[in-house]
Amino acid sequence: MPDVPPMLVPVVVALVVGAGCWLLGRRSPALSGGLTLAAAVCIALACAQLWRQDEPLESVIPFFAMPTVTLQIALKSTMLGGFLAFVAAAFTALIALFSLGYRGTVQNPGKFCAYLLWSNAAALGVFYANDFLFLLFCWEALSVLLYLLIGQGREERAPAAAAKSLAVLGFSDGCLVLAVVLALASSGGARMDQFHVAMGGAGSYAMYGLFLVAALAKAGAYPVHTWLPTASEGAPISVMAFLPAALDKLLGIYLLARISFNYFTLDGALSTLLLILGMVTILSAVFMAMIQHDLPRLLSFHAVSQVGYMVLGLGTGNPIGIVGGLFHMLNHAIYKCCLFLCAGKLENRTGQLELDRLGGLARVAPTAFIGCVIAAMAISGIPPLNGFVSKWMIYQGVLSMQSPLGAIAMVVAVFGSALTLASFVKVVYSCYWGAASDGLVIRSEPRPWATGVPIAVLAGLCILLGVWAYAPVNFLSSVAEFDLRGGVAPAFAGETLAPASGFWSPTTATALILVGLALGLLLYAVTRTLKFRSVPNFVSGERLSGTAVRYSGASFYSTIRELPVLSVMYTDGEAGVYDPYRLGGRYGYSLVQTLRRLHTGVLLVYLSWCILGLALIMGFLLAEYRL
Amino acid sequence: METLPLFIAIPLAVAFLFPVFEKLSLRRALLDGLAVLATAALLAGSLGLLAQPDRVYWIGGWAPPVTGINLVSDGLSRLMLVVVQAISFFSIVFSLRYMDRYSSRGFYYGLFFLLLAGMNGVVLTGDLFNLFVFIEIAAIASYALVAFGCESEELEASFKYLVLGSVSSAFILLGVGMLYNLTGTLNMAEVAAKAPALSGLPIMAMVGACFLFGFGLKAAMVPFHAWLPDAHPSAPAPISAMLSGVLIKAGGVYVLFRLFFSVFGMDLLYARVFMALGAVSMLIGVLLAVGQWDFKRLLAYHSISQMGYVLLSVGVGGEVLARGGPTPVAALAVFAGLFHLVNHAAFKSLLFLCSGSMEYVTGTRQLAEMGGLSRPMPLTGLACRVAALSISGIPPFNGFWSKLLIIIAIVQAGHYALAALTVLVSFLTLLSFIKVQRYALEGPLPELLRSVREAGLAMSLPLLALAALCLLGGLLLPLYAGALFTPAQEAMLSGLNYARAILGG
Amino acid sequence: MPTLDHLPYLFAMLLFVIGLYAIVAKKNLVKLILGLIVIEYAVNLFLLLLGYRGGGVAPILTRRDAPAEFLARTVDPLPQALILTAIVIGLGTLALVTALALRLYDRYGTFDITEIKKLKG
């Protein structure tokens with residue numbers, strides 16, 4: 001038996017079991033689900049084992065070579081990569097468990113399981129990859145698998161959602177192709193751990209930019225985030241919780257960290273770029289999230305907004321910011337996955353995800369309620385949960401830049417956090433408190449434990465990683481120090497984190513966080529009073545009964561969208577003016593129509609093109625001969 | 001026994017048997033059996049040829065020094081031969097059921113084998129005039145096949161195709177005549193031997209332009225492309241698969257490669273024309289494809305675009321070669337171009353066959369009128385999806401590998417803008433195939449199509465076989481690259497040594 | 001310098017251009033087909049001229065001729081063989097295109113090629 005490198009084993013297991021599930025198809029959902037769960041757990045254990053290795057493992061499997069190009073599977077278990085591979089595998093296991101009890105639309109359970117496992121395999125490939133082309137292979141495979149997974153959703157809406165996701169991700173994958181090929185050409189085919197480009201010259205910035213587009217699109221940051229909210233409209237909740245909420249964040253931020261600190265050097269200009277992108281992402285998305293009525297769509301806008309914090313953290317270029325960004329990536333995967341799963345549990349019980357129709361479900365779905373509250377507090381950065389710690393570190397990082405932009409970023413981040421809190425108060429209120437809507441039918445769940453356990457685990461992690469933040473922070477600090485060290489700006493190279501010392505010290509940041517929290521609650525209070533004036537309801541002189549005048553929490557923040565400038569931006573935003581996908585579509589369409597109009601169907605026109613082309617070629621050849 | 005002439009003789013003989021059989025009212029099974037048997041035998045023969053070394057067959061024993069007409073089996077012709085035989089085999093199997101919709105089966109098979117004979121002749125011949133004759137045989141058969149349904153659109157497409165094709169043929173003949181006047185021979189190897197003396201003559205610009213136009217039109221390169229989106233969709237689906245899958249390659253791209261690499265010798269000018277034609281076709285083709293709602297018309301425009309990839313990549317290889325750049329880069333570019341050519345044959349004929357299968361059961365080619373077909377037609381849906389992902393360059397399918405190699409080669413040759421263009425076109429291709437999947441395969445099934453079912457195993461089997469080729473074409477590349485692509489790439493890169501290989505000495 | 005000897009070539013080219021003009025500029029299907037024929041004949045004429053030799057004899061070898069001396073006097077027979085083949089091919093194309101034109105007239109009720117444009121875009 002040939003020597004199979006240990007990092008390939010989980011990948012192969014995922015591929016093979018996935019193929020089995022694919023062949024099972026619709027036949028036995030329980031069997032394919034069980035198989036998937038078992039495989040995912042085994043893979044997670046194997047990845048944990050690999051992560052705990054002291055020495056980084058390396059292996060190369062040659063595939064095809066020509067003198068100037070080598071296609072190979074080169075694997076290396078780095079500190080960051082190995083850890084993230086384990087996290088990805090763990091998420092797969094949780095989602096596999098959740099899917100066993102998920103009642104929402106999944107067209108073909110066998111294929112769903114297969115795509116789930118294959119996504120896991122591809123994600124492991126990305127994290128273990130030590131060869132750019134292999135990374136590219138896995139990266140693109142993930143985009144297609146996301147497309148296929150979204151396509152498993154509701155028949156009417158999934159195709160459009162899947163199409164847009166693949167279109168945007170396909171564009172970013174194109175950028176990655178170009179970036180990878182340029183990187184290989186410029187370095188003479190270096191492996192990833194050997195690759196480093198000194199900044200300077202348009203080439204290095206162009207390459208960084210291309211990599212950046214790929215990383216940001218996968219993570220879902222401005223301006224290539226637009227696939228994420230659309231995906232949520234059609235995808236099954238389990239898919240949203242799996243890829244866009246969890247794995248895609250890990251992948252995108254992993255690549256961002258690698259390019260910023262290993263392959264390139266994050267200099268002042270790039271740092272500024274990242275800070276600005278981060279700020280725009282935080283604000284634009286959280287404002288959109290405020291006005292959403294559809295729960296997955298709302299959550300997905302937050303999934304975009306939170307990426308802004310990670311980008312901000314990495315963009316600072318200083319150790320505490322980087323560690324904060326990485327930690328936020330992990331935390332976000334945990335709490336956003338938890339939030340989506342809670343939404344999934346609500347869908348299980350009610351078949352609904354419209355905030356207007358939900359309400360008063362705290363007693364019906366207590367697990368979802370508690371999980372949702374914990375995760376909502378975590379995402380809003382309320383101590384002592386994990387989101388607080390990572391946001392706090394990001395604030396610290398931004399502040400220690402001691403630049404005007406840093407200060408602005410700080411304010412934006414705090415403000416964004418406040419809006420997040422406000423938005424989640426709305427979610428918790430309209431889903432779990434208040435009165436239930438009239439038509440809401442409560443269904444039973446087939447396997448409540450299957451959906452409950454992942455929520456409990458993730459909510460528990462939110463608390464655990466917040467209270468005992470030392471362990472992950474210490475680990476990520478050593479990652480930043482040893483694994484990402486190559487590119488950390490020299491100014492910070494000697495700086496250590498010393499998380500133990502200044503951890504809870506009251507600084508400006510903590511004060512600002514409290515300000516942010518207060519702001520959010522204030523916002524909530526204000527809009528609530530605006531909305532909930534007590535008005536006796538008369539229709540045609542008749543007083544309506546109590547149940548008919550139900551106030552949904554969904555339009556808490558409708559007042560915000562009436563504000564002068566914001567109203568214009570909202571209208572534009574909903575019309576897709578800021579969406580490169582739609583913008584490109586409009587201009588592209590007119591170009592295509594022009595070209596089509598040229599093809600009039602008249603033979604004489606076609607013939608004259610031919611003659612013209614012939615004349616051009618002949619002219620070109622003759623002109624050169626003259627010279 | 002010498003097998004090379006059989007690749008022309010068998011289809012030619014069979015082609016004229018079918019109409020006779022038809023007149024004799026023989027049983028259908030006999031016709032079908034003969035067709036399948038003949039294509040299968042040719043496929044087996046071409047695969048067998050892969051294992052054998054280069055060789056030349058002189059018709060009538062007129063070997064050098066008295067050069068007669070010859071057939072040449074070198075790496076490039078063997079590659080093309082295999083592709084032609086494979087696609088025609090799958091198309092014939094698909095036709096067994098599909099051609100139920102049409103009458104006069106015998107004439108259909110007859111024209112099909114005439115087309116096949118023409119293409120095999122083009123690929124094998126070592127004589128310029130024979131090249132012209134075989135191209136005309138293939139072309140006339142294809143004009144007739146495009147009009148086979150005799151609907152008004154089909155007649156219109158065929159007429160336009162014929163007029164443009166005839167004009168290009170006239171230019172080809174003109175070019176052949178001029179070349180004969182310059183060299184006093186029609187044998188490609190002898191022309192190649194005299195080519196170094198010719199280069200630099202202004203008249204060669206005329207000859208080059210005639211051939212570039214003539215074969216550029218057969219290969220449907222922009223701006224000579226306008227016939228293709230009319231003609232290819234109008235033909236019956238298996239014929240569309242043949243035309244897009246192999247005819248534009250065997251009759252256009254292959255000849256361009258053969259003439260400009262082996263016979264004239266690649267120089268910087270020709271290479272630049274190749275690159276320009278390729279790049280423009282790639283972009284214009286895909287832009288036009290994105291806007292289409294007729295499934296087959298969309299596919300036809302993509303043929304232009306994908307052939308642009310091939311021509312661009314090979315042109316880049318030629319350019320590197322001509323300017324004295326690193327040979328490995330040129331080799332990679334040519335290799336990638338040929339790889340993409342083969343891949344395109346696989347996934348484009350698969351797509352056309354899928355469109356045929358869908359049209360067969362739904363009665364429409366309009367994407368807007370389809371929907372949700374992957375549910376009632378799982379096999380067709382799967383094959384169509386595989387092909388769509390292949391042509392969009394999605395891993396792990398074959399299109400990903402060839403496009404990746406093309407982009408790597410272009411970057412290594414230093415053409416960064418062209419590499420970016422290639423990536424952009426690839427993205428636009430993806431967009432249009434997302435559209436295909438979304439409207440044809442996904443979403444709710446329209447009320448009219450509730451009763452749709454898979455059209456039977458005879459139609460599904462070729463689809464699945466081609467889909468498997470699309471999947472394995474990339475993953476098994478290391479296993480067969482040495483047998484299929486490397487000899488072809490070496491044959492092209494050896495350039496004018498073609499003369500020495502054939503004439504000896 | 002062009003001499004009088006080049007004149008036939010020039011005429012062949014002129015014929016070619018006339019044919020091309022007919023195809024590009026004429027709307028009537030029949031004229032278009034005629035243009036195709038003219039082009040074909042121009043090319044054939046061109047090939048014939050290539051093989052022409054002033055004062056040459058027909059390339060028919062009889063028993064009385066000595067091969068070497070015969071070769072010095074005869075015109076080049078190869079282009080004639082090419083033309084024969086090209087004429088046959090042209091005939092096939094012509095038959096097909098005429099049939100198509102007739103069918104087109106049945107369907108569209110016109111011989112105006114600019115009216116025959118169902119396929120476009």
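Here is the naming used below: chain letters follow the sequence lines, and residue numbers restart at 1 for every chain. On a predicted model such as this, the values are computed, not experimentally measured, just so you know.
- When heavy atoms are compared at a cutoff of 4.5 Å, B:Y439 does not approach chain A at all.
- For A:A167 against B:I434, the heavy-atom pair with the smallest separation is N-CD1, 3.6 Å.
- When all heavy atoms of B:G443 and A:P159 are compared, the closest pair comes out as N-CG, 3.4 Å.
- Across every non-hydrogen atom of A:F620 and B:L269, the tightest pair is CE2-O, 3.7 Å.
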Problem set entry | Residues B:Q489, A:M66; criterion side-chain contact (heavy atoms from CB on, under 4.5 Å); working and verdict | CA-CA 12 Å; B:Q489 163 235 313; A:M66 296 210 22; 4.3 Å; yes
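- When heavy atoms are compared at a cutoff of 4.5 Å, A:A160 approaches chain B by way of both its backbone and its side chain.
- Interface residue B:P396: backbone and side-chain heavy atoms are both found under 4.5 Å from chain A.
- When side chains are defined from C-beta on, B:R375 counts as touching A:E155, because their heavy atoms get closer than 4.5 Å.
- Within 6.0 Å of atom CH2 in A:W609, more than 12 heavy atoms from other residues, nucleotides or ligands are found, so the atom counts as buried in its surroundings.
- With a 4.5 angstrom heavy-atom cutoff, B:V329 touches chain A via backbone and side-chain atoms both.
- The most heavy-atom pairs under 4.5 Å with chain A, out of B:L430, B:L431, B:L332, come from B:L332.
- In this structure, no portion of B:L424 lies under 4.5 Å from any heavy atom of chain A.
- Taking CG of A:L166 as the reference point, atom CD of B:Q437 lies at 8.0 Å (rounded to 0.5 Å).
- Within the model, atoms CD of B:E156 and CG of A:L603 stand 9.5 Å from one another, a figure rounded to the nearest 0.5 Å.
- Checked against the 6.0 Å centroid threshold, A:F64 and B:F335 count as a close aromatic pair.
- Here the CG-CZ distance, from A:L607 to B:F224, works out to 11.5 Å after rounding to the nearest 0.5 Å.
- Contacts with chain B were tallied for A:L182, A:L71, A:N108; A:L182 has the most, counting heavy-atom pairs under 4.5 Å.
- Contacts with chain A were tallied for B:H225, B:R272, B:K435, B:M206; B:H225 has the most, counting heavy-atom pairs under 4.5 Å.
- Between A:L621 and B:L212 the shortest side-chain heavy-atom distance falls below 4.5 Å.
- Of all the listed residues (B:A209, B:P395, B:S426), the one sharing the greatest number of non-hydrogen pairs under 4.5 Å with chain A is B:P395.
- Once rounded to the nearest 0.5 Å, the distance linking CH2 of B:W401 with CG of A:L133 reads 8.5 Å.
- Heavy atoms of A:L210 lying under 4.5 Å from chain B are absent altogether.
- Heavy-atom distances place the side chain of B:L217, and not its backbone, under 4.5 Å from chain A.
- Contact annotation for residues 406-414 of chain B against chain A (heavy-atom separation below 4.5 Å, listed by residue number): B:I407, B:I408, B:V411, B:Q412.
- Within 6.0 Å of OH on B:Y480 lie more than 12 heavy atoms contributed by other residues, nucleotides or ligands.
- For the pair B:G291 and A:R596, the tightest heavy-atom approach, listed with the atom from each and the gap, is O-NH1, 2.6 Å.
- Counting heavy-atom pairs under 4.5 Å between each of A:V592, A:T68, A:L612, A:I617 and chain B puts A:T68 at the top.
- Contacts with chain B were tallied for A:G619, A:G613, A:P67; A:G613 has the most, counting heavy-atom pairs under 4.5 Å.
- Note: A:F171 and B:F427 have perpendicular aromatic rings, judged against thresholds of 30 and 60 degrees for the angle between ring planes.
- In this structure, chain B has heavy atoms under 4.5 Å from both the backbone and the side chain of A:A163.
- Per-residue counts of heavy-atom pairs under 4.5 Å with chain B were compared for A:I611, A:V605, A:V181; the largest is that of A:V181.
- The CG atom of B:L288 lies 10.0 Å from the CD atom of A:Q593; values are rounded to the nearest 0.5 Å.
- Both the backbone and the side chain of A:M618 have a heavy atom closer than 4.5 Å to some heavy atom of chain B.
- When all heavy atoms of B:K160 and A:G601 are compared, the pair lying nearest together is NZ-O, 2.5 Å.
- Neither the backbone nor the side chain of B:A289 comes within contact range of chain A; no heavy atom of the residue lies under 4.5 Å from a heavy atom of that chain.
- At least one side-chain heavy atom of A:C610 sits less than 4.5 Å from a side-chain heavy atom of B:L164.
- Looking only at heavy-atom pairs under 4.5 Å with chain B, the residue among A:R157, A:R26, A:E156 that has the most is A:R26.
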Exercise. Step by step, would you call B:L404 with A:L136 a side-chain contact (heavy atoms from CB on, under 4.5 Å)?
Worked result: CA-CA 10 Å; B:L404 183 65; A:L136 179 71; 3.6 Å; yes
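- Proximity to chain B is absent for every atom of A:L184, based on heavy atoms less than 4.5 angstrom apart.
- Interface residue B:Y301: only side-chain heavy atoms are found under 4.5 Å from chain A.
- Contact residues of residues 139-148 of chain A toward chain B are A:E140, A:A141, A:V144, A:Y147, A:L148 (heavy-atom distance under 4.5 Å).
- In this structure, A:L178 CG and B:L421 CG are separated by 10.5 Å, a value rounded to the nearest 0.5 Å.
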